[in-house]
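Heads up: the structure comes next, in structure tokens.
Letters A, B, ... mirror the listed sequences (proteins, then strands); counts begin at 1. Only this structure's heavy atoms are used, side chains among them; waters, hydrogens and symmetry mates stay out.
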Protein chains: 2
Amino acid sequence: MATMKDVAALARVGVGTVSRVLNDSGAVKESTRRKVEAAMKELNYIPNAYARGLKMNKTNTIALIIPTIWHPFFSEFAYYVERNLSEHKYKMLLCNSDVSNEKELEYIQMVQENKVDGIIGITYSDLDNFVSSHLPFVTIDRHFKEETVCVTSDNFLAGRLAVEQLIEKGCKKLGYIGTHSRFPSETTKRRDGFEDQAGRMEIPYAIFDGEDPVVAFKQEIRAFFEANPDVDGVFAHTDFIALDILEVLDEMKRKVPEEVQIIGCDGIKMEAGRRQIVSTIRQPVDLMAKEAVEKIIQVIDGEPVKTKIVLPVQYVEGPTTKNSF
Amino acid sequence: MATMKDVAALARVGVGTVSRVLNDSGAVKESTRRKVEAAMKELNYIPNAYARGLKMNKTNTIALIIPTIWHPFFSEFAYYVERNLSEHKYKMLLCNSDVSNEKELEYIQMVQENKVDGIIGITYSDLDNFVSSHLPFVTIDRHFKEETVCVTSDNFLAGRLAVEQLIEKGCKKLGYIGTHSRFPSETTKRRDGFEDQAGRMEIPYAIFDGEDPVVAFKQEIRAFFEANPDVDGVFAHTDFIALDILEVLDEMKRKVPEEVQIIGCDGIKMEAGRRQIVSTIRQPVDLMAKEAVEKIIQVIDGEPVKTKIVLPVQYVEGPTTKNSF
DNA sequence: CTGTTAGCGCGTTCAT
DNA sequence: ATGAACGCGCTAACAG
């Protein structure tokens with residue numbers, strides 16, 4: 001592997017000059033610049049990222065921590081994060097935390113090791129003692145004690161929209177089915193919005209809201225419908241929960257959307273260009289990724305940033321509600 | 001940020017000793033080891049990955065290149081790759097190539113920059129001039145001119161199994177619908193296996209096999225069924241193609257699986273634990289990832305490796321074939 | 001057993 | 001405009 005010294009020798013200049021043409025720093029006479037460039041080409045010179053990183057204390061790499069990439073929501077998010085980072089000349093290190101505190105901490109340590117410049121994280125474990133304000137960290141949907149940049153979508157509105165839609169489509173009694181983490185998350189506002197709007201509209205409703213991890217979730221769902229046989233419109237906390245509900249109702253021989261309508265939340269698609277799998281309140285995943293990337297880079301660059309970014313959500317019609325004509 | 005020198009100073013030893021306790025290399029007296037460890041703890045010392053990498057010429061990071069992470073097959077694969085790498089103390093850099101030659105090359109360059117030690121790639125562009133035998137590279141499903149380690153599954157058998165299953169389920173005339181890249185790929189053997197088995201069993205069949213990118217794919221599928229109205233069993237080159245077929249048949253008011261049965265290939269699931277979306281020939285994604293990781297690490301370590309690994313496939317019943325009782 | 005020292009490849013003064 | 005020299009933090013070789 002050719003090094004800077006080799007290039008300098010071949011071009012009969014000092015290493016300093018090579019460095020200058022490489023980084024366009026300082027002035028270099030056109031003729032010598034050409035000599036150097038020729039030498040670089042001839043030796044097939046590629047600068048060593050480690051030496052540079054050691055010197056500059058910068059890696060141009062950020063880590064993305066998510067529970068698992070094997071999930072359409074996270075994989076869409078990761079897709080856009082990588083894409084945006086790439087446009088800013090950054091690389092992305094991916095970590096499936098599997099919701100394990102240990103692995104999340106390991107990655108947080110990596111920023112201290114100088115392996116990454118910052119972290120974007122969707123996390124569900126106890127990180128309060130490690131996330132400090134001088135750690136370049138952007139969270140999605142989550143708050144910490146220390147003020148940290150948080151990108152989220154309008155979860156409260158999501159709940160309200162779902163109620164509005166279900167009522168408009170003729171539902172008489174609503175249900176909310178979801179789970180929540182024991183750590184503070186923006187997504188709990190989905191339920192709040194649901195209750196708020198149902199209250200305003202004076203619609204009766206029932207709720208099942210378990211704490212993760214819920215064992216035998218499907219049985220809980222079944223029990224919910226047995227206890228509330230008149231519920232004909234459900235807002236599910238996520239699209240996957242909507243899918244679970246769909247399976248349970250199928251077992252119970254209750255038709256969707258004829259007898260029960262369901263609206264999920266997230267707006268997952270299996271790949272770009274495919275349809276939603278259920279009627280849903282869609283989060284603007286692309287925008288969330290874009291914001292997260294811009295914010296983490298600003299934090300790394302030491303620029304001031306807003307610590308909370310809330311993005312709009314939107315109802316998208318799918319196969320689990322009655323079409324409105 | 002505390003450095004090794006600081007630790008050495010605080011512990012009143014030389015930096016060599018600190019390095020030794022850090023890496024468990026060479027012998028260190030128990031009492032001094034403790035002194036050093038205490039100092040490390042007190043200063044909250046974290047070794048700098050760059051300095052170490054510069055010295056060792058090793059990053060413990062590999063790059064995974066895939067067309068897009070926003071796809072259940074690739075995201076499952078990436079999930080397992082990261083998991084296996086993690087067990088070997090490696091990190092994973094993720095690259096969505098979007099099937100762009102440029103971006104793939106950029107990552108290949110990174111191994112020369114010493115940003116990564118090796119690459120696992122699912123690629124579809126012209127890389128022959130860059131993939132040389134001394135580049136630590138493991139491909140999935142693909143061959144290059146230069147001998148490179150290739151992990152794949154038994155695609156030929158996949159085609160044969162599909163035919164067997166369709167016939168067993170009562171199909172009289174078969175169809176194969178797929179696409180292929182213009183670069184040599186193991187997956188073209190799915191069609192070969194299909195034709196081989198249909199030939200042996202003397203079953204009539206029709207084929208549509210377009211070259212990527214196929215424009216208006218659904219219209220092609222529709223044309224296929226209009227030209228071959230008696231096809232009652234289809235082997236789709238991928239699960240997503242099976243899904244497209246499903247949509248087309250739905251538009252044509254033809255019932256699946258009653259009138260037409262479909263078997264896909266890949267075995268994608270939206271997340272761990274969920275069901276297949278169609279009847280399918282499933283690839284052992286977890287094993288493929290495990291093999292790919294083991295092989296790339298062996299290559300990096302300079303160990304000899306088999307250059308081709310073929311893993312078994314398996315039929316999995318789903319909603320697009322008639323249940324066999 | 002342990003301290004000292006020489007680079008790893010690069011960016012950056014500081015003279016020239 | 002450009003070359004020489006220093007140091008980033010670490011490992012390994014050597015001397016004691």
Open item on the list: Applying a 4.0 Å non-hydrogen cut-off, can you work out what Val18(A) is touching in the nucleic acid: base, sugar-phosphate, or nothing?
Closed with: nothing

- [ ] Under 4.0 Å between any heavy atoms, over every strand shown, what does Arg33(B) touch: base, sugar-phosphate, or nothing? Just pick one.
- [x] nothing

Phosphate oxygens OP1/OP2 of [N]: is one of them under 4.0 Å from a side-chain N or O of [X]?
{"X": "Tyr45(B)", "N": "dC10(D)", "answer": "yes"}
{"X": "Thr3(B)", "N": "dC10(D)", "answer": "yes"}
{"X": "Arg52(A)", "N": "dG11(C)", "answer": "yes"}
{"X": "Thr17(A)", "N": "dA1(D)", "answer": "no"}
{"X": "Ser25(B)", "N": "dT11(D)", "answer": "no"}

For the pair made of [atom1] in [X] and [atom2] in [N], what is the distance, rounded to whole Å?
{"X": "Met56(B)", "N": "dT11(D)", "atom1": "CE", "atom2": "C1'", "answer": "7 Å"}
{"X": "Tyr50(B)", "N": "dG11(C)", "atom1": "OH", "atom2": "C1'", "answer": "15 Å"}
{"X": "Lys5(B)", "N": "dG3(C)", "atom1": "NZ", "atom2": "C1'", "answer": "14 Å"}
{"X": "Met4(A)", "N": "dG7(C)", "atom1": "CE", "atom2": "C1'", "answer": "16 Å"}
{"X": "Asp24(B)", "N": "dT2(C)", "atom1": "CG", "atom2": "P", "answer": "14 Å"}
{"X": "Ile46(A)", "N": "dC10(C)", "atom1": "CD1", "atom2": "P", "answer": "11 Å"}
{"X": "Asn114(A)", "N": "dC8(D)", "atom1": "CG", "atom2": "C1'", "answer": "11 Å"}
{"X": "Asn57(A)", "N": "dC10(D)", "atom1": "CG", "atom2": "C1'", "answer": "14 Å"}

- [ ] Consider the side chain of Val28(B), meaning its heavy atoms from C-beta on, and name the nucleotide among dC1(C), dC10(D), dT2(C) that approaches it most closely.
- [x] dT2(C)

Open item on the list: Between the base of dG7(C) and the side chain of Lys55(B), is there a donor and acceptor pair under 3.5 angstrom?
Closed with: yes

Open item on the list: Whether the side chain of Arg20(A) and the base of dG3(D) hold a donor-acceptor pair under 3.5 Å is what I'd like checked.
Closed with: yes

TODO: Would you kindly compare Lys29(B) and Leu54(B) by the position of their nearest DNA chain C nucleotide and give the one closer to the 5′ end?
DONE: Lys29(B)

Side-chain H-bond candidate by donor/acceptor type, [X] with [Y], under 3.5 Å:
{"X": "Arg52(B)", "Y": "Asn23(B)", "value": "yes"}
{"X": "Asp141(B)", "Y": "Tyr124(B)", "value": "no"}
{"X": "Thr123(A)", "Y": "Glu104(A)", "value": "no"}
{"X": "Ser181(A)", "Y": "Asp212(A)", "value": "no"}

Open item on the list: Heavy-atom nearest nucleotide on DNA chain D for Glu30(A) versus Asn23(B): which residue maps closer to 5'?
Closed with: Glu30(A)

Open item on the list: Can you tell me which residue among Ile69(B), Ile140(B), Asp286(B) is in a side chain to side chain contact (heavy atoms under 4.5 Å, CB included) with Phe77(B)?
Closed with: Ile140(B)

